Structures are given as structure tokens and as C-alpha cells.
Amino acid sequence: MTITATSSGSALIGELRDQFKSGFAAARKAFQETGHIVGVSQSFTSADGNVTISLSGRKLNDGREVLESRYSIDGTEGATLGKTLTGGIDDLTGLPYSPDTEYGGRGGSGSNVIGSLDDIDAFEKNVVDGALESQDEVDSHLTSWVINGKIFSSREEFRAYNRVEAVGRKAADTLMSKLTFKSLNDESEFYAKLNKGISKLLHDGNPDDLFDALKDVPTDQLAKAAKALTGSDPSNKRIAKTLNDYIDARKAHDASKGTTPMQSLNLLV
């Protein structure tokens, strides 16, 4: 079998497994015949250069022998492999990637001290799994998922949390696109506070951190930014409603004091 840019995902995985298997078979043969893997040297490069796999044995200064593995799967083959192993699904959210998503390839290197055939078998499994395990296979080995200091025992709960986070980040990005700042540092600090506030609102129903982040934003600028929040997602609607209620409350407060809405502040220009 030959690895080419036209190989299907399943065919490519099979072809890559064969190449890894061939290299480790040579290492096993050498160890069985001599008791050593020093001098083992196996390499493969696809015709288009997008795939390279190498396996070599050498002796350390302390006399121990190690097998070293390197592989790189790039270009069209890398994209095919990436799409196949992920199933076209974003593991963070469980949602399909957009049709125009560009999938990256895979690469890695590692070494393992060899003192027995079992060591070679274990190293082969580690290398092949690292290169060719699907995302579902990787997740099947996990018992918990961690993000933002939160621990989840279910992948679906983890993904549900991240779907909400994704909506929040998109809303934050939309609001940020309508505001201007004096410096990148001001922008970065405000963005962090805004994301935190939106996350707190969506997960806990508490708008206090969001209101604190927005307290110095001029009412007119905030109103214009809030109008840019569109979409039917319930979380997005919740953010928009909270902002509009907050803006209305500020306007009512300004009117009761007989003042005009804020027009300037330190952070924004």
C-alpha cells in the first residue's frame, strides 16, 4: 500500500499503521537476533514528502539502549487524517466544525529504553496511539475533564459547559468590535473582565461581574454595541436582554438625576 494525497481517511490510517508496524518489526527482529537495538534504522517518506516516519536505535552514555521515533504527517494527508480522527467534531463543544475548517496534521517524537521485547511492544503502542487514535478513543480513556478550574465527570457535561462558553466568547467578541480603547493593555484587561462577567451570567445567573465590567462604558457606546448582538441562541438572547435592561436602568437613573449619559471614561476613547 502507498500513502498518497488521494488516500481516503480509513485507507490512510491503515497505510500509516503498516509503516509503523514495519519499523517496529525490524526493531523486534534485531533484538531477537542480537539482544540489541543499536544500529536499527528505519525510515519512510511519502512521494510528496508530506509524511515522514523514522525509527532508530542507539546507546546512551550509561550503556542503556533506546529506540527513538519521529513522525510528521502534514499537507493533504495531514488534513485528511485530522478530519478523520476528529470525525469533523469539535471535542470541546461536541458541535460539527464549519465546512471551511482547515484541519492540521500530526507529528511527534519520543524515545523509550529497551531491555525486552515487551518494551518494544509498549513503545509501539504508545507511538501508534499518539499518532492514530481518534478523539473518541482518546476520550474513552478519560474519567474527568477540566476547564476553568471546574471538573466534569461526563464528557457531555463538559461539552455543554463549553457550548455556553463559546456563545459567551462570541458575544464578547461582538461587543469588543464596537468599542475602542486607548491601549492594547486596556483592551486586554477589559476583554478578560467582560468574558468573566458573561460567563458568570450564563452559568450562575449572576450579572454582577458583567455590570462591574461595563460600569465605565459610556451608555451610548454600550447601546450601540448591544444592538450588534443578534442570533436565536437562548444564551445569546439572555446576554442581549441583560445588557438592554442594564442600559435602560442606566438611562432611567441618568434621567432621574437630570444628567446626560456618560460620554467619556478612562478606558475607552
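Quantities reported herein were computed from a predicted structural model and do not represent experimental measurements.
- Cluster annotation: L67 is connected to L117 through the hydrophobic network of ILVMFWY side chains, with a link wherever side-chain heavy atoms come within less than 4.5 Å.
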> Between D212 and K215, does a salt bridge (Lys or Arg N to Asp or Glu O under 4.0 Å) hold up when you go through it step by step?
Replying inline: CA-CA 5 Å; D212 183 65; K215 65 184 179 183; 3.2 Å; yes

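- The closest side-chain donor-acceptor pair between D100 and S98 falls under 3.5 angstrom.
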> Under the side chain to side chain contact (heavy atoms under 4.5 Å, CB included) criterion, do V138 and D129 qualify, and how do the steps go?
Replying inline: CA-CA 9 Å; V138 171; D129 285 353; over 6 Å; no

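- For the pair N162 (side chain) and F158 (backbone), a donor-acceptor distance under 3.5 Å is present.
- Side-chain atoms of N185 and S183 form no donor-acceptor pair, as typed in the model, at a separation below 3.5 Å.
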>> salt bridge (Lys or Arg N to Asp or Glu O under 4.0 Å), that's the test. Do D121 and R28 meet it? Break it down for me.
In response: CA-CA 9 Å; D121 293 342; R28 259 187 223 94; 2.8 Å; yes

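- A 4.5 Å side-chain heavy-atom check between E133 and L85 finds every atom pair outside the cut-off.
- Annotation: E102, atom CD; neighbour count of heavy atoms from other residues, nucleotides and ligands within 6.0 Å does not exceed 12.
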> Could you go step by step and tell me if M176 and F190 meet the side chain to side chain contact (heavy atoms under 4.5 Å, CB included) rule?
Replying inline: CA-CA 9 Å; M176 292 293 290; F190 181 79; 3.5 Å; yes

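- Grouping the Ile, Leu, Val, Met, Phe, Trp and Tyr side chains by contacts below 4.5 angstrom, directly or via other members, places L55 with V128.
- In this pair, Y246 and F211 present their aromatic rings parallel. The plane angle is below 30°, not in the 30 to 60° band.
- Nearest heavy atom pair, residue N236 against residue A171, reads OD1-CB, 4.1 Å.
- R169 has no carboxylate O lying under 4.0 Å from a charged side-chain N of D173, or vice versa, which leaves the two without a salt bridge.
- Residues Y71 and L16 are not in side-chain contact: their nearest non-hydrogen atoms beyond the backbone lie 4.5 Å or more apart.
- Test L210, I247, L202 against T242 for side chain to side chain contact (heavy atoms under 4.5 Å, CB included) and you get one pass: L210.
- The heavy-atom pair separating D74 from S72 by the smallest distance is OD2-OG, 2.7 Å.
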>> Show, in sequence, the C-alpha distance, side-chain angles and deciding distance for D48 and S46, and conclude whether the side-chain hydrogen bond (donor to acceptor under 3.5 Å, both in side chains) test is met.
In response: CA-CA 5 Å; D48 58 13; S46 61; 2.7 Å; yes

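- Under the 4.5 Å side-chain heavy-atom criterion for Ile, Leu, Val, Met, Phe, Trp and Tyr, I89 and L95 are members of distinct hydrophobic clusters.
- In the hydrophobic cluster analysis, where Ile, Leu, Val, Met, Phe, Trp and Tyr join through side-chain heavy atoms closer than 4.5 angstrom, L132 is grouped apart from Y103.
- Side-chain contact of E165 with S199: a donor-acceptor pair under 3.5 Å is present, judged by distance alone.
- Cluster annotation: V164 and Y191 are assigned to the same hydrophobic cluster (Ile/Leu/Val/Met/Phe/Trp/Tyr, side-chain heavy-atom contacts under 4.5 Å, transitive).
- Residues K196 and D209 approach most closely at CE-OD2, 3.6 Å, considering heavy atoms.
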>> Go through it in stages, so that I can follow the logic: the residues are R159 and D91, the test is salt bridge (Lys or Arg N to Asp or Glu O under 4.0 Å), and I'd like the CA-CA distance, side-chain angles, deciding distance and then a yes or no.
In response: CA-CA 7 Å; R159 286 178 165 180; D91 189 49; 2.8 Å; yes

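- Counting non-hydrogen atoms of other residues, nucleotides and ligands closer than 6.0 Å to CG of D62 gives a total above 12.
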>> Could you walk me through whether R155 and L142 satisfy the side chain to side chain contact (heavy atoms under 4.5 Å, CB included) test, starting with their C-alpha distance in whole Å, then the side-chain angles of each, then the deciding distance to 0.1 Å, before giving a yes or no?
In response: CA-CA 9 Å; R155 181 171 74 162; L142 302 177; over 6 Å; no

